[in-house]
Amino acid sequence: MMTSSEIRQQFLDFFKSKQHQIVPSAPVVVKNDPTLLFTNAGMNQFKDYFLGNKQPEFKRIADTQKCLRVSGKHNDLEEVGVDTYHHTLFEMLGNWSFGDYFKEEAIAWSWELLTEVYKLDKSRLYVSVFQGDEKEGLPPSSVALREWKKLVADEHIVFGNKKDNFWEMGETGPCGPCSEIHVDMRSNEERALIPGRDLVNKDHPQVIEIWNNVFMQFNRLKDGSLQPLPAQHVDTGMGFERLVRVIQGKQSNYDTDIFTGTIAATENITGKKYDSSPLRDGGKEAVAFRVIADHIRAIAFTIADGQLPSNTGAGYVIRRILRRAVRYYYSYLNYKQPLLHQLLPTLAKQFEHVFPELNAQLDFVSRVVKEEEEAFLRTLEKGLKLIDESISALSAVSAR
Ligand code: SER
């Protein structure tokens with residue numbers, strides 16, 4: 001089975017062979033853009049290239065970007081751990097063209113990579129095309145449709161509205177129509193009963209979007225209007241954790257080798273066993289394992305990128321994520337001591353060659369996480385004691 005590291009490398013090698021410059025991930029914490037707290041898409045660091053405010057050194061770039069979607073327009077926090085495919089921090093594999101290639105090449109290459117390099121089964125792939133939006137004065141994406149028709153059978157092409165097929169970075173900023181690629185991971189029996197195309201963008205846990213190809217053509221202004229950009233660009237984002245799940249043939253992102261290391265470490269520490277089978281009924285213990293495996297990554301990489309937990313702004317988001325993880329291990333794994341910081345060596349080693357910043361600051365990040373855990377555990381204990389005391393007082397009153 002291909003490992004997640006090999007899968008990531010193949011993506012980068014593929015786009016390198018298409019003359020893309022490979023660049024490192026930008027920090028997940030955003031310091032110079034008042035519209036964002038965290039990087040929520042691979043394109044954030046390239047915003048000024050799209051808007052024409054700056055000229056890029058390379059017209060073609062590819063990378064894997066650490067993204068966090070827990071605040072603002074793109075917020076998945078409450079799904080995380082409950083289902084098997086949303087994350088706080090995730091890697092977005094992306095390729096970009098800044099005023100260089102456009103729809104034809106982007107679509108052809110995404111198909112080539114998925115079907116010829118990764119060898120995904122074409123009969124399980126569906127692509128979506130923007131159907132247009134009258135109110136916004138946007139026509140249907142006829143070029144994207146034409147290009148997909150060269151590669152994909154008609155019954156594997158679906159049309160999507162503005163919500164699903166017009167990507168925007170935030171309330172303002174670069175945006176444009178997009179074409180998504182979805183994979184149907186259901187069994188053949190299920191596929192025979194309901195065609196995958198009927199389940200695209202319907203929140204089905206086995207019919208999931210893996211890649212979004214955005215064609216940047218507009219800037220959304222504060223007054224809500226769309227201003228055409230000086231040039232046309234490509235911005236693609238593929239969810240790495242989902243891609244690995246598809247290639248490794250797993251039912252859940254957490255069963256891939258991206259997460260199994262931290263899950264095994266959590267099992268060792270708590271003495272509990274992660275049972276991935278009842279995950280679809282949301283058993284709390286299984287949810288706790290997934291919450292921890294997910295959240296430790298968000299906590300570790302944001303601290304390593306310079307954001308300490310605090311009571312305001314980005315720091316508060318990190319604190320909330322950390323506390324959510326503590327509540328889960330405290331309540332559902334019955335573990336009452338700091339746990340998260342013990343997972344950091346495993347994580348740092350796993351990402352040593354992709355995001356070396358964690359390994360380089362392991363001691364510092366561990367100290368910060370442990371102190372936060374200790375402080376919150378004290379608060380939890382105090383709160384529970386207060387509740388116990390009020391319950392006893394109440395029972396004493398009612399017994400009188
Ligand atoms: N910007 C798009 C997204 O985040 C594609 O990279 O989905």
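Read the numbers this way: they start at 1 and go in the same order the structure lists the ligands and their atoms.
Listed by chain and residue number, E372 satisfy the salt bridge (Lys or Arg N to Asp or Glu O under 4.0 Å) test with R319 (two or more places apart in sequence, or in another chain). In terms of the side-chain contact (heavy atoms from CB on, under 4.5 Å) criterion, residue partners of T3 (sequence neighbours excluded) are, by chain and number, S5, E6, D257.
Classified by interplanar angle (parallel below 30°, tilted 30° to 60°, perpendicular above 60°), the ring pair F11/F15 is tilted. Relative orientation of the W148 and W111 rings is perpendicular, given thresholds of 30° and 60° on the angle between their planes.
The contact shell of ligand 1, taken as protein residues with any non-hydrogen atom closer than 4.0 angstrom, comprises A41, M43, R69, M92, W167, N212, V214, D235, T236, G237.
Judged as a ring pair (Phe, Tyr, Trp, His ring centres under 6.0 Å), the pairs with a partner in residues 242-267 (not counting sequence neighbours) are, in order, H87-Y254, H87-F259, Y254-F259.
In this structure, K272 is not positioned above the aromatic face of F289 in the sense of NZ or CZ being under 6.0 Å from the six-membered ring centre and within 45° of the axis.
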